[in-house]
Amino acid sequence: DVKVTQSSRYLVKRTGEKVFLECVQDMDHENMFWYRQDPGLGLRLIYFSYDVKMKEKGDIPEGYSVSREKKERFSLILESASTNQTSMYLCASSLFLGYNSPLHFGNGTRLTVT
Amino acid sequence: QKEVEQNSGPLSVPEGAIASLNCTYSDRGSQSFFWYRQYSGKSPELIMFIYSNGDKEDGRFTAQLNKASQYVSLLIRDSQPSDSATYLCAVNGDQAGTALIFGKGTTLSVSS
């Protein structure tokens with residue numbers, strides 16, 4: 001079974017702090033993703049990565065950056081956290097990018113920025 | 001802008017009934033279609049996926065795909081209170097190397 005582990009379940013940070021959200025997968029998947037989920041807005045893609053050191057912007061990359069130094073680990077970075085980044089953040093991985101390759105999600109990190 | 005549309009609900013059905021969840025998508029070139037279930041406060045979990053026109057059955061779940069109408073649905077037979085959740089439809093893009101696009105989800109409530 002694919003296991004995607006997010007380092008924190010709940011996180012509270014102050015405005016202006018630099019925030020790191022970590023995600024690790026154990027199935028040697030090539031592709032990893034960061035989504036945020038907000039009521040009424042659904043799941044929105046922030047960034048994804050299809051290989052080590054490779055990244056692609058999703059629909060809402062502003063205010064975020066990512067790092068993928070190792071295949072199993074994908075980090076989301078909030079350079080200067082703001083209150084509008086309060087959200088549920090979901091990491092996912094997939095074997096292939098695109099056809100017939102489902103996403104496997106981690107348990108999520110609920111981030112509150114005060 | 002590629003879109004995936006779902007009725008937000010809530011869809012309310014009695015226990016034992018068939019629940020029908022619908023999804024339409026804008027990108028005619030989409031190839032694969034996924035249904036996820038998400039309980040409140042939890043992350044989405046895959047129920048099933050479909051890529052050929054017609055029906056695909058897995059236990060009490062049936063996915064139906066009609067590419068000509070750009071429509072995919074999920075039927076849940078013998079609905080149980082434990083099926084109460086939000087159901088997300090996800091569609092892949094028409095090009096290799098694109099990420100899934102999710103609908104906003106339909107909330108299902110099964111009453112006992």
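Values in this document were obtained by computation on a predicted structure and should not be read as measured data. Just so it is clear: chains get the letters A, B, ... in the order the sequence lines come, proteins before strands, and each one is counted from 1. Just so it is clear, the values below take in all heavy atoms, side chains as well, and ignore hydrogens, waters and symmetry mates.
- With a threshold of 4.5 angstrom between heavy atoms, B/Tyr36 approaches chain A through side-chain atoms but not through N, CA, C or O.
- Annotation for B/Phe61: atom CZ counts as buried by contact number, over 12 foreign heavy atoms lying within 6.0 Å.
- Considering every non-hydrogen atom in both B/Leu100 and A/Tyr35, the closest pair reads O-OH, 3.3 Å.
- Under a cut-off of 6.0 angstrom, the local environment of CZ in A/Arg9 is crowded, with over 12 non-hydrogen atoms contributed by other residues, nucleotides or ligands.
- Residues B/Phe102 and A/Met32 do not share a hydrophobic cluster, defined by chaining ILVMFWY side chains whose heavy atoms lie under 4.5 Å apart.
- The side-chain heavy atoms of B/Pro44 and A/Leu90, taken from C-beta on, include a pair separated by under 4.5 Å.
- A/Phe74 and A/Ile60 end up in the same hydrophobic cluster when Ile, Leu, Val, Met, Phe, Trp and Tyr side chains are linked at under 4.5 Å.
- In terms of modelled atom types and a separation under 3.5 Å, the side chain of B/Ser43 and the main chain of A/Gly106 share a donor-acceptor contact.
- Two different hydrophobic clusters hold A/Tyr47 and A/Val24 under the rule that ILVMFWY side chains link at heavy-atom gaps under 4.5 Å.
- Hydrophobic cluster membership differs between A/Leu78 and A/Met88, with clusters built from Ile, Leu, Val, Met, Phe, Trp and Tyr side chains linked at under 4.5 angstrom.
- For a residue to count as touching a neighbouring chain, one of its non-hydrogen atoms must lie under 4.5 Å from one of that chain's; by this rule B/Ile50 does not touch chain A.
- Taking A/Leu103, A/Asn31, A/Leu41 one by one and counting their heavy-atom pairs under 4.5 Å with chain B, the maximum is reached by A/Leu103.
- Taking CD of B/Gln38 as the reference point, atom CZ of A/Phe105 lies at 8.0 Å (rounded to 0.5 Å).
- At a 4.5 Å heavy-atom cutoff, A/Tyr50 makes no contact with chain B through either its backbone or its side chain.
- Side-chain heavy atoms closer than 4.5 Å link hydrophobic residues (I, L, V, M, F, W, Y) into clusters, and following such links, even through other members, never connects A/Leu43 to A/Leu76.
- Across every non-hydrogen atom of B/Ala99 and A/Phe33, the tightest pair is CB-CE2, 3.7 Å.
- When each of A/Arg110, A/Arg44, A/Gln37 is scored by its heavy-atom pairs under 4.5 Å with chain B, the top score falls to A/Gln37.
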